[in-house]
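Counting starts at 1 for both ligands and their atoms, in listed order.
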Amino acid sequence: MSAQIIDGKKIAAKIRQDLTLKIKQLQKDHNLTPGLAVVIIGEDPASQVYVRNKRNACEETGIKSVGYDLPESTSQKDLLELINKLNEDDDIDGILVQFPVPDHIDTETVIEAIRPDKDVDGFHPYNIGRLAVRMPALRSCTPYGVMKLLESTGETFHGKEALIVGASNHVGRPMALELLLAGCTVSISHRFTRDLEAWVRRSEIIVVAAGKPGLVKGEWIRPGATVIDIGINRTDKGKLVGDVDFESARQNAAWITPVPGGVGPMTVATLMLNTIEAATSRRNIKP
Ligand code: ADP
């Protein structure tokens, strides 16, 4: 069997297209153009690419993006002052701080400084907590994008055994909460997990976010499983690969995401979705 490919690029483009129409409608009916502040500190090349993609997607959909490109030397105090200013700015609906931030800035302090109703990355403990108690507000972009990819397969989730490989705050943990909300029986593996192979072998949905190329072997994949690869790793030769051995995994899986062109574009599309959601719910506009 050869798996069907879940085309994240195509699904993300459709979401952006729908959002473009929605923004036109918001402008017409409510004179509202959602605004996203995009803050980047320092010159990390990968972060620069991600930020450029996010700004381009804003331009395409009609969201007004306001860029803050801050030097590496920016102090935590100055960054928090900027966040405070953006928290109070009525034209700003979403605040995105591109991570990682330099070592002298504490990630969690920055996340907690952002108003939860402008936290379009969905990283604030309030938003993660809402997801945990089945009352999602702004949902973490990458797991939210993965749910849209899973939905696109038309498969049902209820009662399915799902495994998440990787337990990070930004991806693995909210991913587990999303799948739990969708009715899966969820397991989370991480660097201390003893027999990763056995966990993978029994799982019907496998979502991998460990940042380790080749971590999940294709022959471990249960026949008919759905495989979502969130990893993005660059090989010595400059090629982008995920955490799953794609060519061997697709022999067993029913559905699989490619890298690139799987989860990556979805994360940007759900950021746009969250920005519109933040703009409308803050103003009590019904979707
Ligand atoms: P990201 O934010 O992209 O998910 P992190 O580096 O924050 O990346 O997290 C990597 C995650 O992958 C951690 O939760 C870690 O425990 C997990 N991980 C690392 N190695 C393994 C492994 N061999 N098996 C399972 N999980 C692993």
Side-chain angles (χ1 to χ4, degrees), residues 8 40-41 44-51 53-54 96-103 105-112 114 119-125 127-128 131-132 139-147 149-150 161-180 186-203 205-222 225 227-235 240-246 249 257-268 270-271:
I40 178 168
I41 306 121
D44 177 57
S47 295
Q48 302 269 351
V49 173
Y50 294 142
V51 162
N53 287 343
K54 290 168 186 175
L96 178 129
V97 177
Q98 182 64 42
F99 292 104
V101 288
D103 288 343
I105 298 177
D106 179 55
T107 302
E108 299 312 319
T109 305
V110 172
I111 290 171
E112 289 208 273
I114 296 171
D119 166 43
V120 283
D121 253 336
F123 290 162
H124 194 288
N127 284 316
I128 305 278
L131 187 59
R139 304 158 85 140
S140 306
C141 292
T142 300
Y144 191 13
V146 170
M147 294 315 291
L149 292 179
L150 288 173
E161 299 202 358
L163 175 72
I164 295 126
V165 182
S168 69
N169 281 356
H170 291 179
V171 184
R173 284 164 200 259
M175 190 70 247
L177 294 171
E178 285 284 356
L179 288 166
L180 186 60
V186 179
S187 305
I188 309 173
S189 66
H190 45 74
R191 68 180 82 248
F192 306 121
T193 296
R194 272 178 286 125
D195 192 357
L196 179 64
E197 177 178 345
W199 286 99
V200 173
R201 281 193 183 274
R202 67 170 290 158
S203 302
I205 297 172
I206 301 125
V207 182
V208 190
K212 296 235 158 28
L215 178 66
V216 174
K217 308 277 173 265
E219 62 267 25
W220 297 354
I221 302 297
R222 173 174 165 162
V227 179
I228 306 283
D229 193 347
I230 304 183
I232 302 180
N233 313 285
R234 203 172 277 281
T235 64
L240 284 184
V241 296
D243 293 350
V244 180
D245 281 336
F246 179 80
T257 57
V259 177
V263 177
M266 293 302 290
T267 298
V268 181
T270 46
L271 172 70

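Among all non-hydrogen protein atoms, the one lying nearest atom 15 (C) of ligand 1 is Arg191 NH2, 3.5 Å. Among protein heavy atoms, the minimum distance from atom 10 (C) of ligand 1 is reached at Ala210 O, 3.7 Å. Nearest non-hydrogen protein atom to atom 14 (O) of ligand 1 is Ala167 N, 2.7 Å. Looking only at protein heavy atoms, the nearest one to atom 25 (C) of ligand 1 is His190 O, 3.2 Å. Nearest protein heavy-atom contact of atom 8 (O) of ligand 1 is Ser168 CB, 4.2 Å.
The nearest protein heavy atom to atom 4 (O) of ligand 1 is closer than 4.0 Å.
Side-chain N or O atoms of Asp243 include one that pairs as donor or acceptor with a backbone N or O of Lys212 at under 3.5 Å. Side-chain atoms of Ser189 come within 3.5 Å of backbone N or O of Ile164 as a donor-acceptor pair. Not one N or O on the side chain of Ser203 forms a donor-acceptor pair closer than 3.5 Å with the backbone of Glu161. Between the side chain of Arg222 and the main chain of Ile205, no donor-acceptor pair closer than 3.5 Å is present.
Across Val244, Leu196, Asp229, a single residue satisfies side chain to side chain contact (heavy atoms under 4.5 Å, CB included) together with Leu215, and that is Leu196.
Atoms of ligand 1 lying under 4.0 Å from at least one heavy atom of Ala209, given by number and element, are 4 (O), 11 (C), 12 (O). Within the listing of ligand 1, atoms 25 (C), 26 (N) sit less than 4.0 angstrom from a heavy atom of Val165. In the vicinity of Gly166, heavy-atom distances shorter than 4.0 Å reach the ligand 1 atoms 11 (C), 12 (O), 14 (O), 17 (C). Listed by number with element, the atoms of ligand 1 under 4.0 angstrom from any heavy atom of Leu215 are 22 (C), 23 (N), 24 (N).
Relative ring orientation between Phe123 and Phe99 is described as tilted, the plane-to-plane angle lying within the 30° to 60° band.
Shown here is Trp220, whose CH2 atom has more than 12 heavy atoms of other residues, nucleotides or ligands within 6.0 Å.
Between His170 and ligand 1, a contact under 3.5 Å exists for no N or O pair.
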*asked:* Would Lys217 and Glu197 count as a salt bridge (Lys or Arg N to Asp or Glu O under 4.0 Å) here? Give the steps.
replied: CA-CA 8 Å; Lys217 308 277 173 265; Glu197 177 178 345; over 6 Å; no
